[in-house]
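Just so you know, residue 1 is the first one in the sequence shown, and it goes up from there.
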Amino acid sequence: MNNLVALYKQWSGHTPASVEKLAGAGSNRQYYRFTDSAGNTVIGVVGTSREEDHAFISLARHFTLRKLPVPEVLAVSDDEMRYLQTDLGHTSLFDAIKGGREAGGRYNRKEQQLLLNTIRELPDIQIRGARGLDFSVCYPQPEFDENSVLFDLNYFKYCFLKATELDFNELKLEANFHMLAKDLTSEPAESFLYRDFQARNVMLDAEGHPYFIDFQGGRKGPFYYDLASFLWQASAHYSFKLRRELVYEYYQSLKQYTEVPNERHFAERLALFVLFRTLQVLGAYGFRGYFERKPHFLQSIPPAIDNLRDLLKLRPSLFPYPYMMDMLRRLTELPRFASAEPVVAPRKDGFKTTDHPIYPTNPQDGPATFSKFDGKGPLVVRVYSFSYKKGIPEDPSGNGGGYVFDCRSTHNPGRYEPYKKLTGLDEPVVRFLEDDGEILDFLKPVYQLADHHVARYIQRGFTSLMFSFGCTGGQHRSVYSAQHLAEHISQKFGVEVHVFHREQNISQVFPAHPVTTKK
């Protein structure tokens, strides 16, 4: 963070009036909004992969020269791990069409117009953006090829298909995978394949004009891929009529930039990429849902299976892969996908993916028993700060005290005169701790442990969980840690959280609330 602020000062010539950390996206990059005294804003980014950052910076600079609607890169650190870009505002297309999505695909005229505006602009970045582009800067690979297709198809096989326990012949399926990969890469492809073209990665200005972000995974490839990715997004619930209109508008726009095949050929090729993209996202949903147990991805499985069912209704000649198509048909007929209800998350058996136990039971195990706290809910989390000199806080629920974390290994602001009468809630102490950085490294594994524990307690219907942070005086480091963990749990899970700064005689309650998922 300090290095990012230094980059901002070097670029602007002054310190920012305020810095706001923004909600994270799908990657591990961290985003900050810098505001100067006149109210002007820019976005600061801290990356985790130099290669990925280099790809984004190089692509953004190229697209800016082509006058495409992307954020302009304003400044870059020497190691390319931090950079500044123009601020495209607060409204994404995903947020702007939320009403239609939540209404099950009943998009109003304004929402449909935003989708039309976006789909008409897509060929601009795909075709004009590819002209003069050095694809060697793309990461992790410069081109869409058979190997990348097979990687994604096997991702589907191992992370989704095998978890369903559907019986299939792996050699026959692999042979069909190779046929599909060859067909998908059979035509010359000179366009820029965005790869992650979705509503979350489109920002809107005040007039509703689209701007494109998060294209660092792009590469040379066929333009069909992005259209399939956008219009067959499982959670979008686009109607057949709206999809058809958007495909038509895209096709008409594409003709303004390049020669295109006739409509029949275009539709048949698009169907292949829709099939591939559907299998690809099921692989991602399987990994993120079944194995990482993230509810959003589990909830996305039923609409993705519905997309697959729709594809299976098309004429068989579109998909000359008889074994794979028969296997997919049997997949959609599994009882677990028969209802429209979200797929149930793994429960008490670890990463459970089926209705059968992963390991066979043994008669010597005896019948399973359950905690008396199972299934009571809702969860209330208590977070304490304390001084070790006065002892560890007692747990009023009787569960035994939960987690206790010792903050004394981190830099202590209480050693310095200006901070001795302040607490970890005061801005000067917060700045000291965050600029020093030790407390942030200390809390990273704490957050990971807490997230897993809170999620499991919610699943099991437990009612009480306690975290305690101790330091020398219970004034600075423990107060900061307890307050930030309480705010983190409240924001992420929406459960009721009580925070008690025992030695400061300060307490606060974060009421239970619905969780809003942000980009």
Side-chain angles (χ1 to χ4, degrees), residues 55 126 130 135-136 138-164 166-198 215 217-234 247 260-261 264-288 304-305 307-332:
Q126 289 179 313
F135 283 100
S136 69
C138 295
Y139 175 81
Q141 63 184 73
E143 188 170 0
F144 179 84
D145 57 16
E146 285 190 45
N147 286 334
S148 64
V149 173
L150 290 171
F151 177 88
D152 286 330
L153 291 176
N154 280 298
Y155 188 50
F156 159 74
K157 180 175 67 175
Y158 290 114
C159 292
F160 185 85
L161 184 58
K162 287 204 169 186
T164 68
L166 180 71
D167 183 49
F168 65 94
N169 185 308
E170 195 159 351
L171 290 177
K172 291 182 179 180
L173 181 61
E174 191 71 20
N176 277 192
F177 278 176
H178 279 270
M179 293 171 62
L180 176 58
K182 183 170 289 189
D183 288 344
L184 289 169
T185 56
S186 62
E187 292 187 2
E190 299 298 325
S191 62
F192 176 72
L193 190 159
Y194 199 118
R195 186 165 172 83
D196 196 19
F197 189 67
Q198 56 167 304
F215 39 74
R219 62 201 63 175
K220 181 191 289 187
F223 44 69
Y224 302 98
Y225 182 103
D226 293 328
L227 185 62
S229 176
F230 188 80
L231 294 186
W232 275 263
Q233 180 75 28
V247 170
V260 296
R264 180 185 178 88
H265 180 82
F266 181 89
E268 291 176 349
R269 293 289 298 172
L270 178 59
L272 278 184
F273 279 88
V274 173
L275 173 63
F276 170 59
R277 180 61 179 167
T278 301
L279 301 184
Q280 187 183 47
V281 297
L282 281 172
Y285 295 162
F287 179 73
R288 301 293 187 185
I305 291 292
N307 283 344
L308 187 56
R309 288 193 181 98
D310 290 340
L311 286 168
L312 293 170
K313 295 175 184 176
L314 299 177
R315 68 178 190 273
S317 60
L318 285 174
F319 309 116
Y321 323 107
Y323 184 80
M324 181 178 73
M325 301 311 292
D326 178 69
M327 182 274 299
L328 293 176
R329 187 170 289 102
R330 289 188 292 115
L331 176 67
T332 63

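- Between the side chains of Thr332 and Arg309, no donor N or O sits under 3.5 Å from an acceptor N or O.
- The aromatic rings of Phe156 and Phe160 lie parallel to each other, their planes meeting at an angle below 30°, with 60° marking the opposite boundary.
- Between the CG atom in Leu150 and the CG atom in Leu180 there is a gap of 8.5 Å [rounded to 0.5 Å].
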Please tabulate, for the side chains in residues 320-327, all donor-acceptor contacts under 3.5 angstrom to protein atoms that are two or more places apart in sequence or on a different chain.
unit_1, atom_1, unit_2, atom_2, d
Tyr321, OH, Asp183, OD2, 2.6
Tyr323, OH, Asn169, N, 2.5

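- At a cut-off of 3.5 Å, with distance as the only test, no side-chain donor of Glu174 or Asn176 sits close to an acceptor on the other residue.
- The heavy-atom pair separating Thr278 from Val274 by the smallest distance is OG1-O, 2.7 Å.
- Across all their heavy atoms, Ser191 and Gly221 have their closest contact at OG-O, 2.6 Å.
- When all heavy atoms of Ala234 and Ala304 are compared, the pair lying nearest together is CB-N, 3.7 Å.
- Listed for the Arg330 side chain is a donor-acceptor partner under 3.5 Å among the backbone atoms of Asp167.
- For the pair Asp196/Ser229, no side-chain contact is recorded, criterion being any heavy-atom separation below 4.5 Å from C-beta on.
- The line from CD of Gln233 to CG of Asn307 is 9.5 Å long, rounded to the nearest 0.5 Å.
- In terms of the side chain to side chain contact (heavy atoms under 4.5 Å, CB included) criterion, residue partners of Glu268 (sequence neighbours excluded) are, by chain and number, Arg264, Arg315, Leu318.
- Heavy-atom minimum distance, Phe319 versus Ala271: CE2-O, 3.6 Å.
- No option in Phe192, Phe230, Phe215 other than Phe230 meets the ring-ring contact (aromatic ring centres under 6.0 Å, His included) test with Phe197.
- Evaluation of the side chain to side chain contact (heavy atoms under 4.5 Å, CB included) rule for Val149 yields Phe144, Leu153, Ala181, Leu184, Thr185, Phe276 as partners, not counting sequence neighbours.
- Looking at heavy atoms from C-beta onward, Phe151 lies out of side-chain contact with Asn147 at the 4.5 angstrom threshold.
- The one candidate from Leu173, Leu282, Leu279 that meets the side-chain contact (heavy atoms from CB on, under 4.5 Å) condition with Leu328 is Leu279.
- Atom NZ of Lys157 is surrounded by more than 12 heavy atoms from other residues, nucleotides or ligands within 6.0 Å.
- Applying the salt bridge (Lys or Arg N to Asp or Glu O under 4.0 Å) test to pairs two or more places apart or on separate chains, those with a residue in residues 217-232 are Glu190-Lys220.
- Evaluation of the salt bridge (Lys or Arg N to Asp or Glu O under 4.0 Å) test over residues 139-148, restricted to residues two or more places apart or in two chains, returns none.
- A distance of 9.0 Å separates CG of Leu161 from CD of Glu170, quoted to the nearest 0.5 Å.
- Using a 3.5 Å distance cut-off with no hydrogens or angles, the side chains of Gln280 and Tyr225 do pair a donor with an acceptor.
- Taking every heavy atom of both residues into account, Gly217 and Arg195 meet most closely at O-CD, 3.5 Å.
- Under the side chain to side chain contact (heavy atoms under 4.5 Å, CB included) criterion, Tyr155 pairs with Cys159, Ala284, Phe287, not counting sequence neighbours.
- Checked options Phe266, Trp232, Tyr224; the residue passing with Phe273 is Tyr224 (criterion: ring-ring contact (aromatic ring centres under 6.0 Å, His included)).
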